[in-house]
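Contents: one structure, followed by commentary.
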There are 2 protein chains.
Amino acid sequence: MRIGELARTTGVEVDTIRYYERAGLLSAPKRSDNGYRTYAPGDLARLAFIRHCRALDIPLADIQRLLSIVDSPESDCGEINHLVDLNLARVRARLASMQALEQQLMALRGQCATPDKASACGILHELVAAAQGEACACHRPADTGATSDGARP
Amino acid sequence: MRIGELARTTGVEVDTIRYYERAGLLSAPKRSDNGYRTYAPGDLARLAFIRHCRALDIPLADIQRLLSIVDSPESDCGEINHLVDLNLARVRARLASMQALEQQLMALRGQCATPDKASACGILHELVAAAQGEACACHRPADTGATSDGARP
DNA sequence: CCTTGACTATGGAGTCGCTCCAGGGTTTTC
DNA sequence: GAAAACCCTGGAGCGACTCCATAGTCAAGG
């Protein structure tokens with residue numbers, strides 16, 4: 001099986017497969033006489049595993065760790081729990097900040113009902129005012145507010 | 001005002017300020033005799049504006065567009081609405097995929113209650129099975145499922 | 001036999017938004 | 001006068017790809 005067929009079968013782009021090889025997630029496959037990569041069914045399963053983990057947004061370093069555990073089935077699976085927990089925490093943290101972000105953008109969007117001159121635009125006014133540390137829909141009173149705060153998302 | 005003071009006042013790191021200058025979001029400031037950047041109050045307001053937009057996760061290219069609109073207040077503000085709408089849509093799309101992701105990771109986490117041998121780990125089994133296209137907690141029946149689907153996050 | 005087109009190879013650069021570093025010069029403080 | 005704090009430039013690194021130029025390989029059609 002050549003790289004193109006592997007790509008079509010798994011839905012992973014050819015460039016990405018080669019990238020995974022460089023990154024050490026896939027071992028270098030055999031080469032045919034013309035230098036083409038030749039993959040075995042085991043490579044297909046391994047790449048499908050990687051692809052599924054990536055669909056779960058698990059970083060490559062974690063996937064590499066999971067693969068090494070898969071390769072040694074006698075090892076303790078406690079680390080697997082830990083990896084999944086870490087990724088879950090990461091996703092939840094990002095989720096919370098994005099929900100706040102959505103609220104802020106919605107509030108901002110509500111500032112401009114009818115398009116007009118930019119100088120009268122509520123959105124722009126809001127952004128400028130917020131940058132100056134005035135009260136705005138984005139920095140609520142509960143927030144630390146002002147120009148020097150740390151409202152990173 | 002030198003770059004360090006600007007950084008402290010706005011909460012933007014020195015390196016980032018120089019990066020914004022390179023990226024064209026901040027115009028090159030005057031230099032004093034020793035070559036140090038010397039910023040005017042207008043630069044402070046501009047950088048605070050950028051910082052606030054970044055807190056809203058608006059990409060630099062969009063911020064650059066907003067800044068050019070701010071610079072020409074007679075222009076139409078319709079594009080501002082459009083930019084905010086686009087960013088809102090982007091955030092919402094990402095939000096939806098992350099919520100699905102959280103569900104999938106939670107389902108995965110539920111597969112392993114008690115740490116044991118990796119060969120018996122429900123999480124690993126689930127990941128491998130899912131990669132092989134079998135039914136799993138991640139690919140629901142409603143999903144297109146299987147090894148060649150497009151469940152990108 | 002030759003061309004066309006699909007496929008594959010390599011190495012390197014580009015993406016985004018920073019962040020860090022080396023190796024220097026300058027200013028402030030003790 | 002020395003130490004600490006500040007500033008400069010240019011370049012590399014991050015994650016996870018993606019795209020490119022250039023070149024070799026192979027099967028089908030004319």
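Small disclaimer: the values here were computed from a predicted structure and weren't measured. Each chain gets a letter, A, B and so on, in the order the sequences are listed, and its residues count up from 1.
Summarising the geometry, the separation between CZ on R22(B) and P on dT9(D) is reported as 10 Å, rounded to the nearest angstrom. Remark: C1' of dC17(D) and CZ of R51(A) are 15 Å apart, rounded to the nearest angstrom. The interatomic distance linking R18(A) (CZ) with dA9(C) (P) rounds to 5 Å, in whole Å. The separation between L60(B) atom CG and dT15(C) atom C1' is 13 Å, rounded to whole Å. Between Y19(B) atom OH and dG10(D) atom C1' the separation is 16 Å, expressed in whole Å. Counting to the nearest Å, the P atom of dA16(D) and the CD atom of Q64(A) are 11 Å from each other. Distance I63(B) CD1 to dC18(C) C1': 13 Å, rounded to the nearest Å. Per the geometry, CG belonging to D15(B) stands 12 Å off C1' belonging to dG17(C), to the nearest Å.
Put simply, the side chain of Q64(B) gets close to the backbone of G24(B): a donor and an acceptor are under 3.5 Å apart. Between the R51(A) side chain and the T10(A) main chain, a donor and an acceptor come within less than 3.5 Å of each other.
Here the closest heavy-atom approach between residue I58(A) and residue R54(A) is recorded as O-NH1, 2.9 Å. Scanning all heavy atoms of the two residues, the minimum distance from L66(B) to C53(B) falls at CD1-SG, 4.2 Å. Shown here for Y39(B) and E21(B), the closest heavy-atom pair between the two residues is OH-OE1, 3.9 Å.
Of the candidate nucleotides dA16(D), dC18(C), dC8(D), dC8(D) has the atom lying nearest to any side-chain atom of R31(B). Nearest to the side-chain atoms of P59(B) among the listed nucleotides dC8(D), dG17(C), dT18(D) stands dG17(C).
Within the 4.0 Å cut-off from OP1 or OP2 of dT9(D), at least one side-chain nitrogen or oxygen of R37(B) is found.
By the rule that hydrophobic residues join a cluster once side-chain heavy atoms approach within less than 4.5 Å of another member, L86(A) and I123(B) end up as members of separate clusters.
The one candidate from L26(B), I50(B), D62(B) that meets the side chain to side chain contact (heavy atoms under 4.5 Å, CB included) condition with L67(B) is I50(B).
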Protein-to-nucleotide contact annotation, 5' to 3' order, nucleotides 25-30 of chain C [B base; S sugar-phosphate only; - none; under 4.0 Å, heavy atom]: BBS---

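Between T16(B) and G4(A), the residue anchored nearer the 5' end of DNA chain C, judged by the nucleotide with its closest heavy atom, is G4(A).
Residues satisfying the salt bridge (Lys or Arg N to Asp or Glu O under 4.0 Å) criterion with R18(A), sequence neighbours excluded, are D15(A).
Between its two ends, the helix from dC1(C)-dG30(D) to dC30(C)-dG1(D) turns its axis by 20°, counting five pairs per end and rounding to 10 degrees.
Ion pair D43(A)/K30(A) not flagged as a salt bridge, since none of the NZ, NE, NH1 or NH2 atoms sits closer than 4.0 Å to an Asp/Glu carboxylate oxygen.
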